[in-house]
Amino acid sequence: MTQYGKSHIYRPINGPEGTALNRISIGFVLGIVISAGALLLFGGPLQRGLGGPLQAGPLPGRDDGLPIGTGKDFSDGLGIYYLNDGKYNYLYWKKKLFTPGAGADPNDIAEAGKAAIPVKKGVRFFTYGLDISRWEAVPPYVMAFCVIREMQSIEGIHPIRIKPVDRGELIYELLLPPVIDTLGPGTALWTINYQYSCQDGWVFKFE
């Protein structure tokens, strides 16, 4: 280290004062190195659990406790997916359930029943790439959940709550209403629809 003297000439500091300054400087540098290492190990993109290996940290804009679905999982493009048995599946064609202004048509319900998608309890639904925050309707009255009982009557409309998962990739989870917990294999069919209506929808049944 050097000291700026009165003659404006730099000269080295010797003696106890220089030794003390050297120790302070070394301690300061070591503190920076240790802090940087701790940030890399515990606060950066990688995180270490207690006694466990390094793991990927939470993604920016993603809420905790939700599945780590990314654009790679939603490989069929923008739309609505269901997560069943660990796999994301794209929803294509909806089925007609009844004509507005008329009662439920048994033939339409029968056709919908034939096309019902078998899923396991705990199935989850997601939208990918759809900016629901810009839709005209206000959640939860954006999407509908309906129940088809005994292949004759349609029960609903039950609203579907919507929870952001990743705001950057526009991934939302569709939270089904509590009535889903009362349904089981063989008890009823049920549908979801991206409009607040039971007129049509994607039809499901529990395995």
Supply the atom-to-atom distance Asp85 CG to Glu207 CD, rounded to the nearest 0.5 angstrom.
-> 8.0 Å
Could you walk me through whether Leu170 and Leu78 pass side chain to side chain contact (heavy atoms under 4.5 Å, CB included), step by step?
-> CA-CA 10 Å; Leu170 295 178; Leu78 310 185; over 6 Å; no
Pairwise distance CD1(Ile162) to OG1(Thr127) - rounded to 0.5 angstrom = 7.0 Å
Are Val119 and Leu91 connected in the hydrophobic side-chain network, where two residues link if heavy atoms are under 4.5 Å apart?
-> yes
Taking the six-membered ring for Trp, are Tyr81 and Tyr90 parallel (under 30°), tilted (30 to 60°) or perpendicular (over 60°)?
-> perpendicular
Residue pairs meeting ring pair (Phe, Tyr, Trp, His ring centres under 6.0 Å), one or both in residues 145-176, sequence neighbours left out, come to Phe145-Trp190
Kindly determine whether Leu130 and Trp135 satisfy side chain to side chain contact (heavy atoms under 4.5 Å, CB included), including the steps that lead there.
-> CA-CA 9 Å; Leu130 307 179; Trp135 290 11; 4.2 Å; yes
Looking at side-chain heavy atoms only, is the closest gap between Ile154 and Ile109 below 4.5 Å?
-> yes
Does Leu183 share a hydrophobic cluster with Leu175, counting links as ILVMFWY side-chain heavy atoms below 4.5 Å and allowing steps through other members?
-> no
Should Met143 and Val179 be regarded as members of a common hydrophobic cluster, given that ILVMFWY residues are connected when their side-chain heavy atoms come within less than 4.5 Å of each other, either directly or indirectly?
-> yes
Closest heavy-atom contact between Pro177 and Ile160?
-> CD-CG1, 4.4 Å
Lys120 backbone acceptor or donor facing Asn84 side chain under 3.5 Å | yes
Are any non-hydrogen side-chain atoms of Thr191 and Asn193 less than 4.5 angstrom apart?
-> no
Hey, could you give me each pair passing disulfide (SG to SG under 2.5 Å) that has a residue in residues 83-144? Not counting sequence neighbours.
-> none
Any chance the rings of Tyr82 and Phe204 have centres within less than 6.0 Å?
-> yes
Smallest separation among heavy atoms of Ala116 and Leu189, with atom names | CB-CD2, 4.1 Å
Heavy-atom pair with the smallest gap, counting every atom of Ala144 and Ile157 = CB-CG2, 3.3 Å
Taking every non-hydrogen atom, the tightest pair across Val147 and Ala188 | CG1-CB, 3.9 Å
Would you kindly confirm whether Phe126 and Tyr92 end up in one hydrophobic cluster when ILVMFWY residues are joined by side chain heavy atoms under 4.5 Å apart?
-> yes
For Gly168 and Asp166 the tightest heavy-atom approach is N-OD1, 2.9 Å
Are Ile80 and Ile180 connected, step by step, through hydrophobic side chains (Ile, Leu, Val, Met, Phe, Trp, Tyr) whose heavy atoms are closer than 4.5 Å?
-> yes
is_close_aromatic(Tyr196, Tyr141), centroid dist under 6.0 Å | yes
Before accepting this row, confirm whether a basic side-chain N of the pair Glu173/Arg124 lies closer than 4.0 Å to the acidic partner's carboxylate O.
-> yes
Pair listing, disulfide (SG to SG under 2.5 Å) test, anchored in residues 117-207, at least two apart = Cys146-Cys198
Any idea which heavy atoms bring Asn89 and Lys87 closest together, and the distance?
-> ND2-O, 2.9 Å
